[in-house]
Engineer: 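Encoded as structure tokens, here's the structure I'll be asking about.
A quick note: this is a predicted structure, and the numbers were derived from the prediction, not measured. Sequence lines set the chain letters: A, B, ... in the order given, protein chains first and strands last, and positions in each chain run from 1.
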There are 2 protein chains.
Amino acid sequence: MAKSVTLPPLVYPERDEITVEGVLRALADPVRLAIVRQLAASGHELSCGALTVSVTKSTITHHLGILRQAGVVAGRQEGTTRFNSLRRKDLDALFPGLLDGVLAAPR
Amino acid sequence: MAKSVTLPPLVYPERDEITVEGVLRALADPVRLAIVRQLAASGHELSCGALTVSVTKSTITHHLGILRQAGVVAGRQEGTTRFNSLRRKDLDALFPGLLDGVLAAPR
DNA sequence: GTCGTAGTTCGATGATGACCGTACTACGGA
DNA sequence: TCCGTAGTACGGTCATCATCGAACTACGAC
């Protein structure tokens with residue numbers, strides 16, 4: 001039979017569709033900022049479950065959706081787990097310094 | 001009688017009281033982003049009336065208050081007009097690259 | 001003093017969005 | 001085949017906030 005493509009297609013904005021305002025809105029939330037910080041600190045991709053935030057699963061899904069739509073994170077499906085990673089290259093190319101400035105901040 | 005100190009004291013956060021999240025929240029609004037862009041583009045300080053945005057005066061006041069509390073802009077009173085300027089030095093010192101990354105963005 | 005201009009303050013309203021619980025789908029192991 | 005785990009989808013609630021108009025203060029010019 002055909003290759004099983006189960007979960008929703010997970011569509012992201014192309015690099016040139018990413019807007020500063022979208023990125024800023026995405027980052028302007030403590031939970032999402034924590035997620036981005038963890039992704040950046042770990043250096044590699046993390047599953048939803050590997051994120052340590054103080055909200056429920058469904059809320060994490062909500063926030064990851066916003067980060068994805070804004071072009072901040074990408075997701076890769078593997079079995080039942082979805083691995084999320086920072087779109088560092090795209091962000092650095094579009095808004096050089098922005099992400100580093102945010103991540104370098106003490107708080 | 002005593003020296004007339006009329007308008008509210010206009011208190012800002014000290015440099016070390018500025019948080020990334022506050023700055024991001026402040027910048028994550030189209031009107032406020034437009035204000036910041038105009039301040040940056042003009043290079044000098046601008047009065048409220050010199051800002052070209054598509055909202056009423058009272059809404060401009062509201063947005064400038066948020067930008068001020070976040071530590072993004074400073075204000076100087078002169079007669080009845082209030083001049084607003086970007087706190088570039090403070091922001092660059094705290095979050096190097098952030099502001100430049102935002103301002104360099106095409107949109 | 002009187003008027004016009006600059007900006008603030010105060011409600012009020014309407015929209016957005018953060019959050020949760022529950023129900024659901026999909027995969028993998030026993 | 002049955003169960004546990006990973007994550008999504010949906011519906012609802014509650015808080016936040018962008019926006020406005022109207023009333024107000026302060027200053028400068030005449």
Engineer: Please tabulate, for side-chain N and O atoms in residues 95-106 of chain A, each donor-acceptor pair with protein atoms closer than 3.5 Å (sequence neighbours left out).
Structural biologist:
unit_1, atom_1, unit_2, atom_2, d
D100(A), OD1, R88(A), NH1, 3.4

Engineer: Indicate for each nucleotide in nucleotides 18-23 of chain C, in 5' to 3' sequence, whether protein heavy atoms under 4.0 Å reach the base (B), only the sugar-phosphate (S), or nothing (-).
Structural biologist: BBBB--

Engineer: In whole Å, I'd like the distance from the CG atom of L64(B) to the C1' atom of dA6(C).
Structural biologist: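 It works out to 13 Å between those atoms.
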
Engineer: Just by modelled atom types, is the A26(A) backbone N or O under 3.5 Å from a matching donor or acceptor in the R32(A) side chain?
Structural biologist: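 Looks like yes, one N/O pair under 3.5 Å.
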
Engineer: Looking at G22(B) and A70(B), what are the two nearest heavy atoms and their distance?
Structural biologist: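 Shortest heavy-atom contact: O-CB, 3.7 Å.
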
Engineer: Find the distance I35(B):CD1 to dG7(C):C1' and express it as a whole number of Å.
Structural biologist: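 To the nearest whole Å, that distance equals 14 Å.
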
Engineer: Is there a side-chain contact between R82(A) and the phosphate of dA6(D), meaning an N or O under 4.0 Å from OP1 or OP2?
Structural biologist: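 Negative; the distance criterion is not met.
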
Engineer: Between dG7(D) atom P and N84(A) atom CG, what is the distance in whole Å?
Structural biologist: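 Those two atoms, CG and P, are 8 Å apart.
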
Engineer: In this structure, how many angstroms lie between the P atom of dT8(C) and the CG atom of L67(B), rounded?
Structural biologist: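 For the pair L67(B) CG and dT8(C) P, the rounded distance is 12 Å.
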
Engineer: Is the phosphate of dT8(C) approached by T61(B) (side-chain N or O, under 4.0 Å from OP1 or OP2)?
Structural biologist: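 Yes, because at least one side-chain N or O of T61(B) sits under 4.0 Å from OP1 or OP2 of dT8(C).
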
Engineer: Measure the shortest side-chain to side-chain distance between L39(B) and I35(B) over non-hydrogen atoms and say whether it is less than 4.5 angstrom.
Structural biologist: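 Touching, per the 4.5 Å side-chain cut-off.
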
Engineer: Can you measure Q69(A) atom CD to dT8(D) atom P for me and round it to whole angstrom units?
Structural biologist: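 From Q69(A) CD to dT8(D) P: 12 Å.
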
Engineer: Whole-Å distance between dG7(D) C1' and Q77(A) CD?
Structural biologist: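 Spelled out: CD on Q77(A) to C1' on dG7(D) is 8 Å.
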
Engineer: Is a donor on one side and an acceptor on the other found under 3.5 Å between the side chain of N84(A) and the backbone of G75(A)?
Structural biologist: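 Absent.
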
Engineer: Give a yes or no answer on whether the side chain of E17(A) reaches the backbone of E14(A) with a donor-acceptor pair at less than 3.5 Å.
Structural biologist: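 Pair found, side chain donor or acceptor close to backbone of E14(A).
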
Engineer: Applying a 4.0 Å non-hydrogen cut-off, can you work out what T81(B) is touching in the nucleic acid: base, sugar-phosphate, or nothing?
Structural biologist: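 Result for T81(B) = sugar-phosphate.
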
